[in-house]
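Below: one structure, written as C-alpha cells.
Everything numeric in this text was worked out from a predicted model, so none of it was measured.
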Amino acid sequence: MAKTDWEFFARCAGGFESVLAAELKALRVRQVRPLKGGVSFFGGIEAAYRACLWSRTATRVQLVLARIGAHDAQELYDNVFSVPWEQQVLPGATIAVRAHGENSNLRNTQFTALKVKDALCDRLRAKRGKRPDVDPHDPDFSLDLSLHNAKATLYLNISGESLHRRGYRKEGVQSEAPLKETLAAGILLAAGWNRIAHSADAAFVDPMCGSGTFAIEAALIAADVAPGLLRNRWGFDGWALHNEDAWQAERAAALSRARLQDAARLFDGAPAEAPMAQDDASAAADGTAVSLPRIVAADIDPRAVKLARQNAERAGIAGLVEFHVCDAGELAGRIAADGAPLALQGLMAVNPPYGERLLSADDLPKTYAALAKAVAGIAGGWTLAVITPDATIDTALGFTPERTLACFNGAIEVTLRVYRVDLAARHELALVSLSGAECTVAVAEEGSAQFAARLRKVAKERVKWARRSGVSCYRVYDADLPDYSLSVDVYEGAGPDEGLRFLRIAEYQAPASIDPARAARRFSDALAIAPVIFDVDPAHVFSKVRRRARGGGQYREAKDRSFYACTAEGGYLFEVDLNGYLDTGIFLDHRTTRTMVGQMAAGTRFLNLFAYTGTATVHAAGGGAHTTMTVDLSQTYLEWAWGNLRENGFTGKEHRLERADVMQWLEAEVRRDDRYDLIFCDPPTFSNSKSKGAGTFDVQRDHVELLKRAAAVLAPGGTIVFSCNLRSFKLDEAALRDAGLAVSDITAQTIPHDFERNPKIHHCYLIK
C-alpha cells in the first residue's frame, strides 16, 4: 500500500472502543471504525505516531503488515516466509513474536509463534546471511499474529510495550490493585473530564486515590500533556520504515501544546524514572499564564499518598495536584479548613476498594458511607464516576447512574457508573422500625418507598403471628410487589444464638422484560431497608441472587463463605447456613408438613428419602419413632443431618444414616426385606449429580417409579408422605392406582400461614 494509506489497529480495554474512536477522530485520523477490543483506522505513519503520543486509552497501536492463509503449520510458515522482512526489520534489530487464536491444526499459540519466528528469521538469513537475535522482553521489532480459522493477520506493534506503562509508576512499589493508566484515562474521558477540565472554575477530586492514577491522568488531560511524552522507548525503533523526522515533528507539536511551565525540559529526552519537579505556577509554552483546574487526591493510607506524590513527580505534574492524608468522609472538611472551597463544577472519580479486591464484603458499608459523605461535600453541578463490580453502591449513594459501561479491571468484571450529583434529588427514605426507632436510609429507586411500606406492614402482622404460634423462622415477604421480586425470611436465633435475629433475602430471576440494572438496584435497596425495619444488625443480613441453571430446572449458585446459626422449630434446634448455599438447611414451607410427620411417627419405623439435612428425621425421632433411617446422596447433608440429630439428643443406634442414590437404595432394600411404617419423600425437582453417573432424576418424569419402589418397602398399613416443590407438577394418579396405591392430596393442609400468598409453593400427598 502507499505510505499514506496504511491500515492500523489500536487496541483498548473492552467497553472503551467508542472512547478510543472519539480520541482518534480528534487526532484527524481517517476511516475510524470501532471493533471488538479496539479501533481500526487508516492513514500515513504520522497518524500512527499521533495515536502513540496522544491516545490515553489505547493499549497498543499496530500496523497491519499482511493477511495470510494459515490452514496449518506449513502454510503458515510458507506465507510468513514470503513477506519481504528485509524491507521491514532494521539490520541488528532484536525481534519477538506473539500469537493469539487457534484453529484445528494450530492449537498451541507458543508453537504458532515459533513457526512465525522461524519463517521470519529464515527469510532474513537467506537475504542478509544472518538471523536476527530474539529478545522476548524488550525487542526492537515486535510482531503480533492473530489467527482466526484458516486466516491470520500479521501486525507490527508500533507502540512497543503496552501504552498503559506511561513511565511514572515503579514496578513493585505501588499500592494494592492500582488501576492501569489507560483504564483510568478511559474512565475520565467517558465521564467527560476532557470537557470539564477546560471549563472555567473546574476541579477534580479522588477521595480514595491509592497510587494516584486518576489524579495524575486528570492532570495530564487538563494540562494537555500527551501521555506518550513520558516514554522514550517505542516499537518502531527497529522498523526499517520508521520516519524519524515525522516522529520528531509530531513530538515537537505535542510539546508545544503542553500547558506546563518548561515542558520541553520536563519531557524532551528525560528518562522515565527521573523526577520531573513542577512549579506551582502554570503557563503555556509561550510564557502566557493559563488557568488549570484544581486537582485533589486523598487517601486514608499515608503510604499510598506518598507513592501517589512520587508518581506525580515522575509524571511532571506534582505541582498541579494537592495531596491529603485523610478518610474520604473527612476530605470536604479538610478542604474547607484550608480556606479554598471546591469549584462549582467538576468530576469526582473513585476506584473504591471492594470485596473482590481489597476489602471483605463486611467492610463495604463503612467504605460506602465514607464515599457518600465525600460526595455530600461537593457541589450539585458535579459528575461522579465510580468503577466497581458492586451495584449496591447506587443504594449507598442514593443516586441512579446516568449511564453505565461494562468493563474489566484486570480480571474482575466491573461497571463504570457515571452519576450527575444533585444532592437535592438524592433518594432517601424516612423509616420507622418495628421497635419504633426512626432512621433515614439512602436508596437508588424512588419506588423503594412502596416496598418499604409493604414490608413493614406485613412484618408487623407476621412477627405477632410468629410469637403467638411459637414459630421462630418464617417468611415475611414473597414477591408481594411485582417490581420487587424477592423473598425476605426471618430466623430467630436459639441455643447459643438466643436473642439474635437474622434475615435472609433472596432475589428471584427477573423476566427478560425487566432491566437487569434496575432490578439490581431494587434488590440493593431492599438489602438496605429490611435491616432497619427489623432492627437487625446489617452484619446479620444475608442475600442470595437466584439464577436458573442451564440445562435443568434447579437454581444454582457458587457457594459463598458459610455462616452457621442455630434456630428452633417445634422445640427442636437446627443448624442453618445463612450464607453458604441457596437453601439454608431448612425448608420453611415444609414446617407444617414436618410437624405432621412428627405426629404420625409414634411407634413407627421411619424412613426419610432425599433427606437433605434431616429435619424431618428429627421431628419423627422426637415424635416417638422406634427407628429412623435417613438416606441422601450427599455426604455433606448427611453430616449436617447427623449434627441436627445429635443436637437434639437422638444419637442411639436406632437412628441410622446412609449415603446412597435413593432409587438404587430402594431397589436393594426390597431384597433386604426391610420394611417401614412411615416414609417421608421430598425429592429434588431435578438432579444430575456426578455421583449418579450418567443418570439423572426428574421428579415429573420419574415420580411414579420412585413411589412404586418406595411402596415396595412400605409395611402393610403404612403411609408415604410425598412432597415436591415443582410448581407445575402433575401427579399421575392413574398410574399410581394401577400400582395399587391410594392417593390423598393434602397440599392445602400443609401450606403454612406465611406462605398462603403462594399456595403452589409445594405439593403434598398421602399415599397408602
Side-chain angles (χ1 to χ4, degrees), residues 469-473 494-495 567-575 585-632 637-638 640-658 662 665-666 669-670 672-683 706-707 709-724 741-753 762-768:
S469 307
V471 174
S472 58
C473 42
T567 190
E569 180 183 272
Y572 307 114
L573 293 178
F574 294 107
E575 184 180 66
I586 184 168
F587 296 126
L588 302 186
D589 61 297
H590 282 167
R591 183 189 316 112
T592 303
T593 308
R594 286 188 291 269
T595 300
M596 180 187 70
V597 166
Q599 293 168 349
M600 297 171 64
T604 66
R605 294 162 291 178
F606 174 74
L607 171 62
N608 189 356
L609 299 175
F610 302 99
Y612 191 36
T613 60
T615 51
T617 304
V618 171
H619 276 269
H626 281 321
T627 64
T628 68
M629 170 64 82
T630 302
V631 183
D632 199 278
Y637 288 146
L638 284 178
W640 197 337
W642 176 242
N644 284 333
L645 286 165
R646 185 178 61 245
E647 183 69 32
N648 292 282
F650 304 125
T651 58
K653 293 181 179 180
E654 66 273 21
H655 303 295
R656 294 181 294 157
L657 298 93
E658 189 160 341
V662 166
W665 184 88
L666 285 170
E669 192 74 352
V670 171
R672 285 190 291 265
D673 203 31
D674 286 339
R675 295 296 179 265
Y676 300 90
D677 306 300
L678 178 62
I679 301 175
F680 178 64
C681 183
D682 179 31
L706 168 65
L707 290 171
R709 293 189 185 189
V713 299
L714 191 65
T719 303
I720 300 172
V721 179
F722 175 72
S723 177
C724 82
L741 300 176
V743 178
S744 300
D745 187 341
I746 61 167
T747 300
Q749 305 167 40
T750 62
I751 302 296
H753 169 64
H762 68 239
H763 302 269
C764 194
Y765 307 89
L766 290 183
I767 298 172
K768 295 178 176 294

Next item on the list: Specify the closest pair of heavy atoms between T750 and P752, including all atoms of both residues, with the distance to one decimal.
Entry: O-CD, 3.2 Å
Margin query: For G614 versus N608, what's the shortest heavy-atom pair and its separation?
Written below: CA-ND2, 4.2 Å
Margin query: Measuring from atom CG of L707 to atom CD1 of I767, what distance do you get when rounded to the nearest 0.5 angstrom?
Written below: 4.0 Å
Note to self: Can you confirm whether M600 sits close enough to V721 that some side-chain heavy atom of one is under 4.5 Å from a side-chain heavy atom of the other?
What the structure shows: yes
Check: How many angstroms lie between CZ in F606 and OG1 in T627, if you round to the nearest 0.5 Å?
Finding: 10.0 Å
Next item on the list: Let me know which of R675, E669, M629 forms a side-chain contact (heavy atoms from CB on, under 4.5 Å) with L607.
Entry: M629
Checklist line | Beyond-backbone contact of E647 with E575, side-chain heavy atoms, under 4.5 angstrom | finding: no
Item checked: Distance (rounded to the nearest 0.5 Å) between C764 SG and H590 NE2 -> 6.5 Å
Next item on the list: On the 0 to 90° scale, with breaks at 30° and 60°, tag the F574-H619 ring pair as parallel, tilted or perpendicular.
Entry: parallel
Next item on the list: Find out whether V471 and H753 are in side-chain contact, i.e. whether some heavy atom of one side chain is under 4.5 Å from a heavy atom of the other.
Entry: no
Margin query: If we count only N and O atoms by modelled type, under 3.5 Å, do the side chains of T630 and T617 hold a donor and an acceptor together?
Written below: yes
Check: For G585, does its backbone N or O pair with a side-chain atom of Y612 as donor and acceptor, under 3.5 Å?
Finding: yes
Checklist line | Side chains of F722 and L706 in contact at under 4.5 Å (non-hydrogen atoms) | finding: yes
Checklist line | Interatomic spacing from CG in L573 to CG in N648 - rounded to 0.5 Å | finding: 5.5 Å
Notebook entry, point to check: Under a 4.5 Å cut-off applied to non-hydrogen side-chain atoms, are Y676 and T604 in contact?
Noted result: no
Notebook entry, point to check: Considering the options D632, D682, V662, V713, which one meets the side-chain contact (heavy atoms from CB on, under 4.5 Å) requirement together with L609?
Noted result: V662
Notebook entry, point to check: Minimum heavy-atom separation for L657 to L638, with atom names?
Noted result: CD2-O, 3.5 Å
Item checked: Electrostatic pair D589:R591 at N-O distance under 4.0 angstrom -> no
Next item on the list: Looking only at non-hydrogen atoms, find the nearest pair between A710 and I679 and report the distance.
Entry: O-CD1, 3.5 Å
Check: Roughly how far, to the nearest 0.5 Å, is the CD1 atom of I751 from the CD atom of Q749?
Finding: 10.5 Å
Check: Between T747 and H762, which heavy-atom pair has the shortest distance, and what is it?
Finding: CG2-O, 3.2 Å
Check: Side chains of T615 and E569: does their closest heavy-atom pair fall under 4.5 Å?
Finding: no
Note to self: Tell me the closest heavy-atom pair linking T719 and L766, and the distance in Å.
What the structure shows: CG2-CD2, 3.9 Å
Notebook entry, point to check: Which one of P683, C724, S723 satisfies the side-chain contact (heavy atoms from CB on, under 4.5 Å) criterion with F610?
Noted result: P683
Checklist line | From CG (D745) to OH (Y765), nearest 0.5 Å | finding: 5.0 Å
Check: Are any non-hydrogen side-chain atoms of N644 and Y572 less than 4.5 angstrom apart?
Finding: no
Margin query: Counting C-beta onward and ignoring hydrogens, is there a side-chain heavy-atom pair between L678 and F680 closer than 4.5 Å?
Written below: no
